[in-house]
There are 2 protein chains.
Amino acid sequence: MEPETDLVERWRSLLNSYNEVACHLERVLHDTHGLTLSEYETLDRLTTQECEQRRMQDLAEQMYLSQSALSRTVSRLVNGGLAERTSCQADRRQVFVEITEAGRQRWAEARRTHLGVLAEHLSPAAS
Amino acid sequence: MEPETDLVERWRSLLNSYNEVACHLERVLHDTHGLTLSEYETLDRLTTQECEQRRMQDLAEQMYLSQSALSRTVSRLVNGGLAERTSCQADRRQVFVEITEAGRQRWAEARRTHLGVLAEHLSPAAS
DNA sequence: CGACGTTATATGCGTGCGCATCTAATGTCC
DNA sequence: GGACATTAGATGCGCACGCATATAACGTCG
């Protein structure tokens, strides 16, 4: 049984680490690539998978976002030409999401920035 | 020099841990105590310190919030009767923030809940 | 086939956030 | 003292979020 103070201590530390990185990431990604952190993460999920099409549902499972937030994030990507929605023929409730060429490119550019920020602000694996 | 993949891996893990805990915390604190996570954290800062009065500036340094967000968080606490603002006589630009009795009480109640959520959702100190 | 529950996604709504800016008080230099 | 920079905090604004709900397609059972 872990003492309560340790628990709070660890949470506090997590909170600080997270915010340190997230704030910088959010700002830098936005300023230099016009991307939200969520948008970047979504693109990331869409590239690293080999299969061409992902269902919203699958994306949602892999991400921390609420269903509605994910829906809107994808909408933003679509509006920006970075992704496309395709409706599923077998079950027309479902929606496939596919990254576009522009999306791949944007992601590749942003990835550099992303790594840079991590290297600078993600504290060395002390924990 | 840490490999890039490890860096991303660690960040991804941090992101997931944070969101797992933060989402639950936010929801539970709100539903059972009417508090935002930021509000709880602010109260926490205000109680654990011995000195009666804290300057906004000092609070800001200890927290992850932007200056404007902190200002509004304190406003909400004040509106809810959980804290009070006092202007500093020596330098009338500065503002002191003080927790009220109601604030102490609310914090004490919420602390239980807070610990419970941590115990349940903060993954054991694997990292 | 038709009523009803269920599932997948989109959308209305209110809220907290960060950025930029405003206001007001202090410090500085002549 | 008066002009100007600086500092502490508050506020206008736009945005992404979560919750609740709407919409539409599917499944089921009579």
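- For A/Thr73, a side-chain nitrogen or oxygen approaches OP1 or OP2 of D/dC17 to under 4.0 Å.
- Note: CD (A/Glu41) to P (D/dC17) measures 11 Å, nearest angstrom.
- For A/Asp91, the listed nucleotide lying nearest its side chain is D/dA25; candidates were C/dT9, D/dA25, D/dA16.
- Here the straight-line distance linking atom CG of A/Leu122 with atom OH of A/Tyr18 works out to 13.0 Å at 0.5 Å rounding.
- Each of B/Tyr64 and A/Val74 has a nearest nucleotide on DNA chain C; the 5'-most of these lies closest to A/Val74.
- Residue B/Arg27 is classed as a sugar-phosphate contact, given heavy-atom separations below 4.0 Å to backbone atoms only.
- Using a 4.0 Å heavy-atom distance criterion, A/Ser75 is classed as making no nucleic acid contact.
- Rounded to whole Å, the distance from CG on B/Leu37 to C1' on D/dG18 is 14 Å.
- Going from atom CD of A/Glu98 over to atom CD of A/Glu84 covers 6.5 Å, rounded to the nearest 0.5 Å.
- Side-chain contact between A/Thr47 and A/Arg104: present, with at least one pair of heavy atoms (C-beta onward) separated by less than 4.5 Å.
- At least one side-chain heavy atom of B/Glu41 sits less than 4.5 Å from a side-chain heavy atom of B/Met63.
- Across the helix from C/dC1-D/dG30 to C/dC30-D/dG1, the helix axis at one end is tilted relative to the axis at the other end by 0° (nearest 10 degrees, each axis from five pairs).
- Between the side chain of B/Ser68 and the base of C/dG18 there is at least one donor-acceptor pair of N/O atoms closer than 3.5 Å.
- Taking only distance into account, the side chain of A/Arg72 meets the base of C/dG12 through a donor-acceptor pair shorter than 3.5 Å.
- B/Arg85 has a side-chain polar atom (N or O) that falls below the 4.0 Å cut-off from OP1 or OP2 of D/dA10.
- For the pair A/Leu29 CG and D/dC15 P, the computed distance is 18 Å after rounding to whole Å.
- Nucleotide D/dC17 holds its P atom 10 Å from the CG atom of B/Asn19, rounded to whole Å.
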Given side-chain hydrogen bond (donor to acceptor under 3.5 Å, both in side chains), test B/Arg72 with B/Ser75 step by step and report yes or no.
CA-CA 5 Å; B/Arg72 286 193 162 100; B/Ser75 289; over 6 Å; no

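- Residue contacts shown for A/Leu70 are absent, as no nucleic acid heavy atom lies under 4.0 Å away.
- Between the side chains of B/Thr36 and B/His30, not a single donor N or O lies within less than 3.5 Å of an accepting N or O.
- Between A/Tyr40 atom OH and D/dA16 atom P the separation is 18 Å, expressed in whole Å.
- In this structure, B/Ser38 reaches the sugar-phosphate backbone alone: every heavy-atom distance under 4.0 Å involves primed, P, OP1 or OP2 atoms, never a base.
- A/Ala90 comes within 4.0 angstrom of sugar-phosphate atoms only, judged by non-hydrogen atoms across all strands, and of no base.
- Ranked by how close their nearest DNA chain D nucleotide is to the 5' end, A/Cys88 and B/Gln67 are led by B/Gln67.
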Chi angles and distances behind the side chain to side chain contact (heavy atoms under 4.5 Å, CB included) call for B/Ser87, B/Arg85:
CA-CA 7 Å; B/Ser87 68; B/Arg85 281 196 241 244; over 6 Å; no

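- In this structure, CZ of A/Arg55 is placed 14 Å from C1' of D/dC26, rounded to the nearest angstrom.
- Looking at B/Arg93, its side chain has no donor and acceptor atom pair within 3.5 Å of the base of C/dG27.
- Residue A/Gln57 is the one, among B/Glu26 and A/Gln57, whose nearest nucleotide of DNA chain C lies closer to the 5' end (criterion: closest heavy atom).
- Atom C1' of nucleotide D/dC19 and atom CG of A/Leu65 are separated by 14 Å, given to the nearest angstrom.
- Remark: P of D/dG27 and CZ of A/Arg92 are 12 Å apart, rounded to the nearest angstrom.
- The pair B/Asp44-A/Arg12 counts as a salt bridge, with a side-chain nitrogen and a carboxylate oxygen less than 4.0 angstrom apart.
- Which of D/dG9, C/dG18, C/dA10 sits closest to the side chain of A/Met56 comes down to C/dA10.
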